[in-house]
Structures are given as C-alpha cells and as structure tokens.
Amino acid sequence: MAENIKYEHALDKKVEISYDSLPNSKFEDVNLGGATFSNVNLKDSNFDDVNMSDAQFNNIAMKDAKFSDVYMVGTKFLGVNLSDARFGCSIMNNIEFKNPDLKNSTFLYCDMTNVEINNCKIDGMKINGIDIAKLIEQMEKED
C-alpha cells in the first residue's frame, strides 16, 4: 500500500552538507538565500532563472563560463581576470573601468557616445586606423 507522504516547506530549516558528493543532482524551486558554499565543485552546472542579487563570489574559477541574458546592474568586478573574454550584444551603460589592463583588446561596432577617457596609457591605440596618441600629440602642437 502506497504511503501518502506530505512535504512541508520549512522557512527556517537549516541543512548542512559536508564532505559529500551530489553529482548530477537537480535543485528546483529551492530557496537557498543566505547559503554559503565553500570548496564546492560546480563544474558543468547550469543555472537557469536564478536570483543571485547581492551574491558575493570570491576566489572563483569560471574558465570558459558562458553568461547569456544576465541582468548585472550595479555589479562590481574587482581583481577579475577577464583575459580572452568576449562581450556581445551587451548593454554596458554608465560603466567605470578603473585600473584595468585592456592591452590588445578590440572593440567592434560599439556605441561609445559620451565615452570619456582620462589619465590612460594609449600608446598604439587606434580608432578606425588612426593612431590616437599621435593625433593628440599633433593637436597639442597646434594649440
């Protein structure tokens, strides 16, 4: 005879899982707000329709990670290595880049309306094939 099991949602239930292996597990409609994940392997995991507002990521390896249709307004990237990263069809309004290393980067088909560049090393920087450092140097001589 089948037993009728009733599951109740516990709002303040605390679960601790340590030194366990849960590969290929599926979590659906689960509230993990305020959870802490330390030394966790999430390689090849998928996150769909997840609210990670105010989440903190420290010492994380995300090599070859893919982000699509992600809302990251107000997000801070500090000490992040984005080498070989690709950004396409992304809205990046009111972005501040402070002390980044953008060597050998390429910007294609970008709307850079009202972009301001200050106190930056621009040796070899070209816009539409024009060497900007030389252009500025020439303009300064003319003034």
Side-chain angles (χ1 to χ4, degrees), residues 4-143:
N4 285 338
I5 300 173
K6 183 177 179 183
Y7 295 100
E8 295 183 24
H9 293 283
L11 297 178
D12 53 359
K13 180 187 208 178
K14 181 178 176 182
V15 176
E16 290 187 26
I17 301 172
S18 298
Y19 307 106
D20 206 344
S21 182
L22 301 169
N24 302 312
S25 296
K26 182 177 181 178
F27 300 92
E28 189 173 334
D29 295 324
V30 177
N31 181 354
L32 295 172
T36 300
F37 299 90
S38 299
N39 196 25
V40 175
N41 180 354
L42 294 172
K43 185 177 179 183
D44 295 323
S45 294
N46 291 305
F47 298 90
D48 295 304
D49 196 21
V50 176
N51 181 353
M52 289 188 169
S53 297
D54 299 315
Q56 294 182 34
F57 300 92
N58 300 300
N59 196 22
I60 305 293
M62 290 186 156
K63 186 176 187 285
D64 296 323
K66 292 172 184 66
F67 299 90
S68 4
D69 196 22
V70 178
Y71 185 72
M72 294 180 127
V73 170
T75 302
K76 294 172 181 61
F77 295 92
L78 307 169
V80 176
N81 183 342
L82 292 171
S83 296
D84 297 319
R86 301 289 180 260
F87 296 92
C89 302
S90 299
I91 298 170
M92 296 180 156
N93 295 323
N94 302 311
I95 299 295
E96 178 183 275
F97 294 96
K98 189 172 183 179
N99 299 319
D101 182 342
L102 297 171
K103 281 188 220 100
N104 302 312
S105 297
T106 302
F107 297 87
L108 300 168
Y109 310 106
C110 299
D111 181 350
M112 294 188 153
T113 304
N114 297 322
V115 170
E116 193 171 317
I117 300 173
N118 294 304
N119 302 315
C120 295
K121 185 176 178 180
I122 58 169
D123 299 333
M125 179 179 170
K126 294 180 181 179
I127 298 178
N128 294 333
I130 299 168
D131 187 316
I132 300 305
K134 289 180 182 177
L135 179 63
I136 291 172
E137 184 179 306
Q138 181 182 359
M139 291 179 66
E140 287 173 345
K141 287 180 182 176
E142 292 175 4
D143 285 337

Within the supplied structure, the quantity of interest is the number of heavy atoms (other residues, nucleotides, ligands) at a distance under 6.0 Å from [X] [atom1]; does it exceed 12?
{"X": "D20", "atom1": "CG", "result": "yes"}
{"X": "I95", "atom1": "CD1", "result": "yes"}
{"X": "F47", "atom1": "CZ", "result": "yes"}

Rounded distance (nearest 0.5 Å) linking atom [atom1] of [X] with atom [atom2] of [Y]:
{"X": "M62", "Y": "F57", "atom1": "CE", "atom2": "CZ", "result": "5.5 Å"}
{"X": "N59", "Y": "N39", "atom1": "CG", "atom2": "CG", "result": "10.0 Å"}
{"X": "S68", "Y": "D48", "atom1": "OG", "atom2": "CG", "result": "9.0 Å"}

Side chain to side chain, L32 and F27, heavy atoms closer than 4.5 Å =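 Side chain of L32 against side chain of F27, heavy atoms only: no contact under 4.5 Å found.
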Please list, chain by chain and in numerical order, all residues satisfying salt bridge (Lys or Arg N to Asp or Glu O under 4.0 Å) with E28, sequence neighbours excluded.
-> K26
Solution key, residues 98-110 side-chain donor-acceptor pairs under 3.5 Å, sequence neighbours excluded:
| from | atom 1 | to | atom 2 | distance (Å) |
| --- | --- | --- | --- | --- |
| D101 | OD1 | K103 | N | 3.1 |
| D101 | OD2 | K103 | NZ | 2.9 |
| S105 | OG | L102 | O | 2.7 |

Answer yes or no: is there a donor N or O on one side and an acceptor on the other, between the side chain of S90 and the main chain of F87, under 3.5 Å?
->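 Here the side-chain-to-backbone pair does not exist.
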Show me the side-chain donor-acceptor pairs of residues 117-141 shorter than 3.5 Å, one per line, residues at least two apart or across chains.
| from | atom 1 | to | atom 2 | distance (Å) |
| --- | --- | --- | --- | --- |
| N118 | ND2 | E116 | OE2 | 2.7 |
| D131 | OD1 | A133 | N | 3.1 |
| D131 | OD1 | K134 | N | 3.2 |

